[in-house]
Amino acid sequence: MCDVPPLKALHAFDAAMRLNSFSLAAEEMNVTPGAVGQQIRKLEDWLGVALFTRHVRRVEATADGLAYAARIRPALDQITEASRSLRHQHAHSVRVVMPPSFAAKWFSRRMSRFLIAHPGTELHVGSSSEVADFGRDPVDIAIRYFSGEADHLQSILLHRGQAALFCAPEYRERIGLNQPADLMRATLLNDTLHAWWPEWLGEFAGLDKNRIKAIRKIDVDLTSVAIESAIHGQGVLMAVPLLAEEDVLQGKLVPLFPQCVLAVPFGYYLVHPKNAELRGQVKLFRDWILNEAQDISI
């Protein structure tokens, strides 16, 4: 018998263990569940032990299966990382993922500068609220809105988190928003990604929990929708100032109580795996965006 286990079977076994399902493993591998089962049976025959207990509608990992998976997974991860690194080390492309609001309101107006400065680079920009998985997704570097704390990531601050208020000029006049306490008469556009209303109202308007609950609110789970709603006079927006920057310059929004800006524990961070060597093109992008962000890092 060969001393090396069947590698294709190891892939099937790892997928089935991670997903706890032959069917889901088959979807990931783009094969049939029967093919996954056949590969795992081949591995069991090679090892001489049962890795799964088969039931009518489900499978269950055995103690041997769980122990074996724990031992081989680090090696499989190393193989994946080494293969991905070798495949991409000479690529002239950068794949970056960032929150949709950041992409639309800040990055989109600047990305052509990178391509002009580095014409030989292909830039692939993805916008998603989902957290990119560097071990699984085709992404080199990412921008995240979070606390900046992640043991496995190198996190570099682009913009410190703040919560400021904005509304359409006519809305301010119509409601009569002259001081923070006047927000009792307003409708609050509660962007769920930047939901710091209780803290802001408590600190700057001096309102207690009951009075805060009495104010009309509309929950919005997309920052871009919340911004557009404010532009169309639907209420008062709470946002990171840089996301409203362009609309303020165009007169679509006005800052409310600009002296009342709340510092929050989140911010926009540039992130990449700590232990992975960045390719040349990715380093160029990292250095470029850090330079671009100098005017907003306060």
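Judged as a side chain to side chain contact (heavy atoms under 4.5 Å, CB included), and not counting sequence neighbours, the contacts of Lys8 are Gln39. Listed by chain and number, the residues in a ring pair (Phe, Tyr, Trp, His ring centres under 6.0 Å) with Tyr268 are Phe102, Tyr145 (sequence neighbours excluded). Glu199 meets the side chain to side chain contact (heavy atoms under 4.5 Å, CB included) test with Trp196, Leu262; sequence neighbours excluded. Evaluation of the side-chain hydrogen bond (donor to acceptor under 3.5 Å, both in side chains) rule for Glu149 yields no partner, not counting sequence neighbours. Annotation: side chain to side chain contact (heavy atoms under 4.5 Å, CB included) contacts of Gln259 (sequence neighbours excluded): Phe257. With sequence neighbours left out, His124 forms a ring pair (Phe, Tyr, Trp, His ring centres under 6.0 Å) with no residue at all. Taking the side-chain hydrogen bond (donor to acceptor under 3.5 Å, both in side chains) definition, one finds that Lys283 meets it with Glu277, sequence neighbours left out. Among residues two or more places apart in sequence or in another chain, the side-chain hydrogen bond (donor to acceptor under 3.5 Å, both in side chains) test is passed with His194 by Asp191.
Side-chain atoms of Leu290 and Leu158, non-hydrogen and from C-beta on, do get closer than 4.5 Å to each other.
Evaluation of the side-chain hydrogen bond (donor to acceptor under 3.5 Å, both in side chains) test over residues 14-30, restricted to residues two or more places apart or in two chains, returns Asp14-Arg18, Asp14-Arg73, Arg18-Glu28.
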Report all side-chain donor-acceptor pairs from residues 163-178 shorter than 3.5 Å, counting only partners two or more places apart or in another chain.
{"unit_1": "Tyr171", "atom_1": "OH", "unit_2": "Thr187", "atom_2": "N", "d": "3.0"}
{"unit_1": "Arg174", "atom_1": "NH2", "unit_2": "Gly233", "atom_2": "O", "d": "3.4"}

Less than 3.5 Å apart, which donor and acceptor atoms pair up between the side chains of residues 200-210 and the rest of the protein, not counting sequence neighbours?
{"unit_1": "Trp200", "atom_1": "NE1", "unit_2": "Cys260", "atom_2": "O", "d": "3.0"}
{"unit_1": "Asp208", "atom_1": "OD1", "unit_2": "Asn210", "atom_2": "N", "d": "3.3"}
{"unit_1": "Asp208", "atom_1": "OD1", "unit_2": "Arg211", "atom_2": "N", "d": "2.9"}

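Think of Leu249 as one node in a network of Ile, Leu, Val, Met, Phe, Trp and Tyr side chains linked at under 4.5 Å; it has no links at all.
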